[in-house]
2 protein chains.
Amino acid sequence: MSTTVDKKGRRSTAAETRERILVAARMAFSKAGYDSVGVREIALAARTDPAMVSRLFGSKENLFTLIASEAFRVAAPFDGPVRGMGQRIAADLLGPVVPPDPDEFDNFAFLLRSIGSPVAAPILSAAIHQSFIQPLSRRMSGREAEQRAALLTAYVLGVAVLRVGLGSPAIERSGPEMVSVLLGEALQRCLTPAIP
Amino acid sequence: MSTTVDKKGRRSTAAETRERILVAARMAFSKAGYDSVGVREIALAARTDPAMVSRLFGSKENLFTLIASEAFRVAAPFDGPVRGMGQRIAADLLGPVVPPDPDEFDNFAFLLRSIGSPVAAPILSAAIHQSFIQPLSRRMSGREAEQRAALLTAYVLGVAVLRVGLGSPAIERSGPEMVSVLLGEALQRCLTPAIP
DNA sequence: CGGGAAATGTCAACGACCGTTGATAAAAAG
DNA sequence: CTTTTTATCAACGGTCGTTGACATTTCCCG
């Protein structure tokens with residue numbers, strides 16, 4: 001049998017195969033976590049061979065590190081003015097997409113499903129700080145900005161734990177209700193504390 | 001070589017061995033998570049044989065379920081009057097024991113290090129709801145009590161994620177500072193919302 | 001245009017761990 | 001002494017990440 005070809009009968013570039021593996025690995029890690037995902041599984045989804053993962057990325061750990069370092073870029077609800085940002089994030093967090101589309105990458109699932117792994121945890125820790133908490137705190141004014149940014153991150157991650165990690169039915173269906181208001185206020189208080 | 005004996009030269013009861021395994025497993029799961037802990041490792045720490053784990057508990061999964069079902073009993077800071085409970089929980093969460101003593105069982109570590117495992121996650125989900133969120137919500141009054149209890153739980157778990165999961169230096173050292181006040185207020189607002 | 005070099009893909013195997021089970025030994029109980 | 005309880009050991013079938021040898025395709029340069 002011949003080697004893998006794309007639709008036009010051509011063979012893949014290394015860069016193309018790399019990209020397919022990256023996409024497949026992102027999804028797999030997001031769905032099942034670092035420890036539960038094997039390179040064979042990733043390679044199958046990427047229509048390639050397990051050996052290519054080691055070839056192109058060095059190791060499964062390197063592949064994971066690469067994905068993690070790009071996963072936590074500060075997202076859409078964090079753009080725009082600081083005023084009202086709390087409610088914006090809350091609305092996005094408790095938004096209508098419940099449960100999230102299983103066919104697209106989920107930051108929170110990616111984080112929570114791998115945070116227990118002794119090898120993945122330090123990688124995720126570094127990524128969260130460098131890509132999220134620090135950039136966010138730089139947009140904030142006032143004292144202890146980084147600590148407040150971390151607290152905000154904690155709230156967000158906590159909601160994520162309950163929703164994707166534990167699949168809690170208690171928070172799941174929440175439109176513009178009390179919980180959403182409470183969360184929005186709590187987030188806003190991290191951004192702009194009442195006492196300056 | 002003879003079989004395992006205790007200090008008095010006597011042999012262990014099944015109940016005693018069971019207890020040693022339980023203690024060892026609690027610690028191991030809390031330190032490394034469900035997937036990373038092997039029955040051989042547990043048995044070694046419990047001074048017994050890997051086969052005894054399957055013998056006495058049926059399976060590693062059963063053992064984990066047993067531990068999980070007893071791990072999330074509502075804890076000390078949740079006793080007493082609802083007034084000021086938010087600050088009490090915050091103080092306990094951000095308390096002086098940082099990092100927590102690695103020689104004693106840690107609820108949060110136990111939860112977070114195993115939440116990524118496909119087999120452990122549903123077990124933990126059930127345990128958290130039955131042992132924590134529901135009992136807590138029964139102590140609360142007002143509308144949407146269970147949803148607010150879940151939100152409070154999310155905050156607490158989020159802080160735990162940052163501290164034990166990610167080892168965040170941003171929240172770690174926090175005495176009676178701004179972050180502690182903010183967290184306490186946010187928790188209290190879940191317990192006793194301003195708008196009844 | 002041809003041939004060798006480079007790039008890409010495939011396959012099989014390694015050693016290491018995993019949870020579990022059955023056979024068997026040792027100790028205690030009756 | 002026989003039965004029951006507790007412990008030990010070896011082995012099973014399986015999955016894991018990684019590697020080296022080899023096959024195939026593409027490219028480049030003479």
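Each chain gets a letter, A, B and so on, in the order the sequences are listed, and its residues count up from 1.
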Please confirm whether the backbone N or O of [Y] pairs with a side-chain atom of [X], one donor and one acceptor, at under 3.5 Å?
{"X": "B:R18", "Y": "B:L56", "value": "yes"}
{"X": "B:N62", "Y": "B:F57", "value": "yes"}
{"X": "A:E185", "Y": "A:S180", "value": "no"}
{"X": "B:S125", "Y": "B:A121", "value": "no"}
{"X": "A:S69", "Y": "A:L66", "value": "yes"}
{"X": "A:R113", "Y": "A:G165", "value": "no"}

Atom-to-atom span, [atom1] of [X] to [atom2] of [N] - whole angstrom:
{"X": "B:R18", "N": "D:dA7", "atom1": "CZ", "atom2": "C1'", "answer": "17 Å"}
{"X": "A:E41", "N": "D:dT15", "atom1": "CD", "atom2": "C1'", "answer": "12 Å"}
{"X": "B:E16", "N": "D:dT5", "atom1": "CD", "atom2": "P", "answer": "16 Å"}
{"X": "B:R47", "N": "D:dA7", "atom1": "CZ", "atom2": "C1'", "answer": "14 Å"}
{"X": "A:M52", "N": "D:dT24", "atom1": "CE", "atom2": "C1'", "answer": "13 Å"}
{"X": "A:D49", "N": "D:dT24", "atom1": "CG", "atom2": "P", "answer": "15 Å"}
{"X": "B:I42", "N": "C:dC18", "atom1": "CD1", "atom2": "C1'", "answer": "12 Å"}
{"X": "A:L44", "N": "C:dT10", "atom1": "CG", "atom2": "C1'", "answer": "14 Å"}

### Query
Which ones in residues 59-68 of chain A lie close to DNA chain D, meaning a heavy atom under 4.0 Å from one of its atoms?
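By residue number: A:S59, A:K60.
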### Message
Is the phosphate of C:dG9 approached by A:S12 (side-chain N or O, under 4.0 Å from OP1 or OP2)?
### Response
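For C:dG9, OP1/OP2 do have a side-chain N/O of A:S12 under 4.0 Å.
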### Query
Looking at B:V53, B:L22, B:T48, which hits side chain to side chain contact (heavy atoms under 4.5 Å, CB included) with B:T17?
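Output: one option passes, namely B:T48.
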Tell me which nucleotide among [options] gets nearest to the side chain of [X].
{"X": "A:S54", "options": "D:dT18, C:dG9, D:dG20", "answer": "D:dT18"}
{"X": "A:T17", "options": "D:dC9, C:dT8, D:dT19", "answer": "C:dT8"}
{"X": "B:R11", "options": "C:dA26, C:dT20, C:dG22", "answer": "C:dA26"}
{"X": "B:T13", "options": "D:dT6, D:dA21, C:dT20", "answer": "D:dT6"}
{"X": "A:P50", "options": "D:dT18, D:dT26, C:dG19", "answer": "D:dT18"}
{"X": "B:A14", "options": "D:dT19, D:dC9, D:dT6", "answer": "D:dT6"}

### Query
Taking the six-membered ring of A:Y34, is NZ or CZ of A:K60 closer than 6.0 Å to its centre and within 45° of its axis?
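Yes, A:K60 and A:Y34 form such a contact.
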### Polar side chain donor-acceptor pair, A:S117 to A:D35, under 3.5 angstrom
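Yes, A:D35 and A:S117 have a side-chain donor paired with an acceptor closer than 3.5 Å.
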### Query
Do the side-chain N and O atoms of A:R20 and A:S12 include a donor-acceptor pair separated by under 3.5 angstrom?
yes
### Query
Which residue lies toward the 5' end of DNA chain D, A:G38 or A:R55, if each is placed at its nearest nucleotide?
A:G38
### Message
Short of 4.0 Å, heavy atom to strand atom, which residues of residues 30-37 of chain B count as contacting DNA chain C?
### Response
B:V37
